[in-house]
Structure formats: structure tokens, C-alpha cells
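Okay, structure first, notes after.
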Protein chains: 2
Amino acid sequence: MTVVKVAILGFGTVGQGIYNILKDKREHFKTTLGVDIEVAKILVRNCSKQRDKIDAALLTDNMEDVLAVGGLDVVFEAIVGDEPAYSYLDQAIEKGINIVTANKVMFAKFGLTLQQKAAKYNVRVGYEATTAGGVPVIKTMENILRVNDVQHIQGILNGTSNYILTQMRTEGMSFEKALKAAQDLGYAEANPFDDVSGHDPFNKLMILSALAFGKQPRWSDVEVVGISEITLQQVKEADAIGKRYRHIAEVAIDETGVIRAKVGPELIGQEHPLYAIDGVNNAVALDTNFIGTLTLVGPGAGMYPTASVMIEDYADMLVKKSALVTV
Amino acid sequence: MTVVKVAILGFGTVGQGIYNILKDKREHFKTTLGVDIEVAKILVRNCSKQRDKIDAALLTDNMEDVLAVGGLDVVFEAIVGDEPAYSYLDQAIEKGINIVTANKVMFAKFGLTLQQKAAKYNVRVGYEATTAGGVPVIKTMENILRVNDVQHIQGILNGTSNYILTQMRTEGMSFEKALKAAQDLGYAEANPFDDVSGHDPFNKLMILSALAFGKQPRWSDVEVVGISEITLQQVKEADAIGKRYRHIAEVAIDETGVIRAKVGPELIGQEHPLYAIDGVNNAVALDTNFIGTLTLVGPGAGMYPTASVMIEDYADMLVKKSALVTV
């Protein structure tokens, strides 16, 4: 059986999730994918940190060690922030290594560049995990775009801000109290600015724009408004007339090819596809020309949802590669 | 440029939708798929029926004429009922022709058999359109099954019955009046027994069971209950306590591999993933081990949603085939 070597860049929650799934499912993947997936290297910030059940020889704090692994087939990148993640992936592509990333900040900025470079070097790029976590919006859109045009995308792309708006409506909590509840549950970051400011959904929206339209609007033209100004009073008044505030990231293209995007709270009624999306879930509604409106709903974050879709990205590469040799 | 020849079996609403999209998008597909897709034959019941804008030489009422087309790459099958559709597809597979079907009655019964035969003859089978129309539940599930187990599936798989239950709740219509409204809108069949009896969602549920678990429960063990016994009074009482009747098709597998399935009206609360699905939409909620619960919502029928996903099935085959020669 062919052994394929993989590396994990970043060993926080998501990186550990990838490691655990690859280990637990190793026999399963031999059967279903026809290969033995071996984790050959893990890039960490601090090699001396105590880690249970991880062979210390796998760990390195130097990207050169990762790139030096002979026959490395893919890197799973789960680092935070655009650098050094972008440079690492750029180097991996030059070495002919496929890349799978969960890094939305990096991919919003450098996704199109990386994809162009990958095409040149004949390697593949998986980025399902960058946007809406476990919700397979990237693969679904790639697939429907083969026949349909996607004209308009609306998403709830941050679970924390949606959780806060939901708690305000259903529990009568103030914004501050709901945010505290989200932090206590581990949804929000210690510094939740990215969650509630719209900055995080903005990045994901730019990734969706690049996929749907092949390009992004100029970033400075996109109005990004957070939810911290929404008062409990406003939420209550809306609820009384059957409406709900949702933090919606939206992008559309017109007939002339002009893209318009915005992120901000919107007051929507029952007829809206995102009206019913409560709690920490993410959702994306795609308006297409032939199919109509498709909505996908699911967990937008978390160790295993995110790690799972990254491994699905790689499985997809393996399936397409195996088509090359078996037929 | 490579010309690929395709045939359409059945020229009702869906068959015509396929023809129109292939014609309108012919130049587009040259660019995106790298092939020139030519409709080489259309199987109809009555060749003498007047059809605008269709070259009469394309039409035949004899499947032998379809199978005799040299180098035919795929048949799109949009016939109603299990026979002669199954026999036609069986013959096509033996000739090495890929198949794409929208025929849920046939595929519920013969899907696993056709897939086994297709594997033997090295041809591919697309059946996204059999279940939930334009909602890409088949491809999504194939993809997540590479890493996840799907343990439990719940679906609203018939738009007509969901439309009726929605109208009863929101407009205070009786069952009979709501059914009449669905017929007037073209949602329900002239004989709507399959829609409201649960027979139609049962077929789709069996297709989902075969995909998720590799097998179906014994059909006679599956309880199938329709919605015609639900009274307006019951719907109103449920609504008053914040609950809703949904016509739910459900299948699950336990640790010992036993599959349990049922179709029937269920009274569900806000926490249920299908609570919010109103109107003629279809929806499927998949419970998975790593990702959690994913819900897909969209149009469950219609000329262009159905035709579009059938062409997506074929596009997927072309993309995988092209991987064979370009790398």
C-alpha cells in the first residue's frame, strides 16, 4: 500500500483535531482511500512544551524541517494570522506539495495568489475550512458553479455574533451579558473584537467573493459594521413585529461585473433564508440562476468540524489523484 | 476540441430543461469543461408530437437508436417509473455509457444494483436529482462520508406536503384547500397520492439509506404515514404552543448495524433543524460524528433545479475524467 506523508502546521485546537482524526481513522482510510496516511512532521511554536502521546521526533519549530521531509504530499495549515502562514504555504507549493488551510485571514488576502501559483506548480489547494467551518460551502459552490451562476451570497459567518443576537432575543440578555455568555462557552475569543466587529465575517466573505466571481471588491469599498451598537430595546421591538436582527455578510455581482459587498446587522423577516438560523451555527444562502436559492447550515467552528473538512479536502485530492492511476 | 455525445431519455419537463441548459451553455462548457457537448439523440414516447425548435432527426421512440449512437458518453434519464427506465440504463451500462438519472422510483429499487454493475463496467452513475431536487445532498454526503460517519438522516423530501402543512398553519387552510392550492400552483401531481401519502419521500429516503449505510432496511419494515389525517385543529393547537407538524422521512443506523426508517408527520419544536423549513422547499439534516449536524435547504423539484444538478453530475464525471489525461 502506498504511504502518503503529511505535515501539520500549527498544533492548536484544529491542528490537534487533524492529528487525532488521521490517527483514529488510519485503518479506515487505508480501505476507503487506498493509502496509508502518515503524519511525518508537526510544526509547533515551542518544541519543549509537554505534549501527551505525541512522538517528540515529529515536532519541529522550523519550517525547513517540514520542507525537508522526502515525498511530502500535503501540508495542513492551521496557524493564526497571515504571516508566516502565507510564506510557508508559498514555499510548500514551490516544492510541489499540496496545501490545505483553515486560515481565513491569510486566505482572504492571499488566496487567489496561492491558487494561481498552485496551478503553475500543478499542486492543489483546499480551503473549505476557511469559511463557515464544517459547512461545506466551498465544495458546494465549486460544484454548482460548473453549471450555475451564483449572483448573490448572504451569510451568517460568525457563530459568536449570531449567538449573541439570539441570546438577546430569546433570553432578554444585554449585548454585554450575551457576549460574556459566549466567552464562557468558549465561542468567543478572549479578545472578541474580530467576532462582533464584522472583521471575521468580512474575511470569509472575501473568500466567497473570489470563488463565486473570480475576484474581490476593493476592501476599502466594503462597509463593515459590527453588532455592538444593537440594543436590547431594538431587539425586543423587532421581535414584537416578527423581525430579527442578523449579522449578515453579503456580496453580489451585477450585470456589468461590478461587485458590491457589505457586512452589518440587518433587520429581516420570516421570508428571508437566514431568519431561522439561531445560536452558534453558521449559514450561507446562495442565489443561483438555475437552482434558485440554496441554504447550508451547520457548525461554523470547532476542533472536529474544522479538522474534518480539512481532511475531506485532502481525501478529495487523493480520490482525484487515484483516478489518474486506476483507470 | 473533443466533442462528447449525450442522449436524453424522456422529454418532459426535466428532459427539456437538460436540453435547454446544454444548448444555452454550450459555449460556456467549452471553456469550463473543455469539451463540446452535443445532444445526439432524444428518446420520446411519441415522435410525431409537434416540438418547436427541436431537430426532428434527434428524436426517436426506440432505445436501440440511442444505444446505436457511436461514442455516446452519457444518457440523462428523466423517465417516470421503474420500467422501462431500469432496463434502458442497464443496457446503457453494458455498452460502457455513463448514466445520470432523476428517477427516484427506479433508483430507490435498483440503485445499488445499477451502481454495482456500473463499477464492473467502469462507468459512472449520477443520481443527485433523484433526491431533494436541486439540493445537493448526494454529493455533500459522498464527500463528508470520506471522513465522517453519518448516523441519522432526517428530511423534508416532498415539497408539496410541506407546502400544504405550511399553508394550514400560516393561512388557516384546511388540508383539502391547501392541497388544491398546491395543485393550482403546479406543485402537486394531478393524482397527488404519492405526495401526501409519504410514498414519494419513502423512495428518496431509501436512496439516502443506501448511500449513507450501504444498504436499505427491508421496505416492509418501514412505517409510512401520510399527512391527510392531520386536521386544521391539530395544526392550530400545535402552533399555539410553538410547535409545528412536519412530514419527516427519517433513517438511522445503530451500533449493531441495524437500520430503522420511517416516514410520517411529526410534531417538532424550535430546536429541531427542520422546524423553520416552510413552503415548497426540501431540506435534509445529516447528523455526523465529526462535523455535527449539517442542514441543506432548497428547491426540491422543478425543471431547472433538477436539470441543473443532472448536468452537474455529468460535469463532475468530465472533470474526473479530464484528470486522467491532463496531469
Side-chain angles (χ1 to χ4, degrees), chain A residues 17 21 25 28-29 32-33 122 128 133-136 139-140 143-149 170 270-271 273 275-279 281 283 285-286 288-299 302-312 314-316 318-321 323-327, chain B residues 17 21 25 28-29 32-33 122 128 133-136 139-140 143-149 170 270-271 273 275-279 281 283 285-286 288-299 302-312 314-316 318-321 323-327:
Chain A
I21 295 177
K25 289 264 180 180
H28 172 83
F29 290 140
T32 56
L33 299 172
N122 209 11
E128 184 67 74
V135 183
K139 268 190 209 65
T140 301
N143 194 48
I144 64 180
L145 282 168
R146 293 200 186 121
V147 177
N148 287 262
D149 297 324
T170 61
Q270 279 202 46
E271 71 298 341
Y275 179 81
I277 313 304
D278 268 343
N281 269 333
L286 307 171
T288 74
N289 58 331
F290 291 125
I291 299 182
T293 299
L294 273 182
T295 308
L296 313 180
V297 188
M303 179 181 209
Y304 285 112
T306 308
S308 169
V309 300
M310 293 179 78
I311 298 173
E312 282 170 30
Y314 183 50
D316 196 50
L318 288 171
V319 167
K320 288 192 177 132
K321 188 195 276 182
L324 300 178
V325 290
T326 60
V327 182
Chain B
I21 295 178
K25 289 263 179 180
H28 171 83
F29 290 141
T32 56
L33 300 172
N122 209 12
E128 184 68 75
V135 183
K139 268 190 209 65
T140 301
N143 194 49
I144 64 179
L145 281 169
R146 292 197 187 126
V147 178
N148 287 261
D149 298 323
T170 60
Q270 280 203 44
E271 72 296 343
Y275 179 81
I277 312 304
D278 268 344
N281 269 334
L286 307 170
T288 73
N289 58 331
F290 290 126
I291 298 180
T293 299
L294 273 183
T295 308
L296 312 181
V297 188
M303 180 180 207
Y304 286 112
T306 308
S308 169
V309 300
M310 292 179 79
I311 298 173
E312 284 169 30
Y314 183 50
D316 196 52
L318 288 170
V319 167
K320 287 190 176 132
K321 189 196 274 181
L324 300 177
V325 291
T326 60
V327 182

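A quick note: this is a predicted structure, and the numbers were derived from the prediction, not measured. Residue numbers begin at 1 in each chain, while the letters A, B, ... track the order of the sequences.
Note on V135(B), I144(B), T288(B), N281(B): by heavy-atom pairs under 4.5 Å with chain A, the leading option is I144(B). Contact count against chain A (heavy-atom pairs under 4.5 Å) is highest for N148(B) among L145(B), D278(B), N148(B), T306(B). Interface remark: of the candidates L296(A), N143(A), T293(A), N289(A), N143(A) forms the most heavy-atom pairs closer than 4.5 Å to chain B. Among G298(B), A307(B), P136(B), P305(B), the residue making the largest number of heavy-atom pairs under 4.5 Å with chain A is P305(B).
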Walk me through it: do F290(B) and E312(A) pass the test side chain to side chain contact (heavy atoms under 4.5 Å, CB included)? CA-CA 11 Å; F290(B) 290 126; E312(A) 282 170 30; over 6 Å; no

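Of the atoms belonging to F29(A), it is side-chain heavy atoms, and not backbone ones, that fall under 4.5 Å from chain B. Using a 4.5 Å cut-off between heavy atoms, T140(B) contacts chain A through its side chain alone, with no backbone atom that close. Looking at L286(A), neither its backbone nor its side chain comes within 4.5 Å of chain B, counting heavy atoms on both sides. Looking at I277(B), there are no atoms closer than 4.5 Å to chain A (heavy atoms on both sides), in backbone or side chain.
If you run side-chain contact (heavy atoms from CB on, under 4.5 Å) between V147(A) and each of I21(B), V309(B), T32(B), only I21(B) comes through.
H28(B) approaches R146(A) most closely through the heavy-atom pair NE2-O, 3.8 Å. Taking both residues in full, the closest heavy atoms of I291(B) and S308(A) are given as CG1-OG, 3.6 Å, listed atom of the first, atom of the second, then distance.
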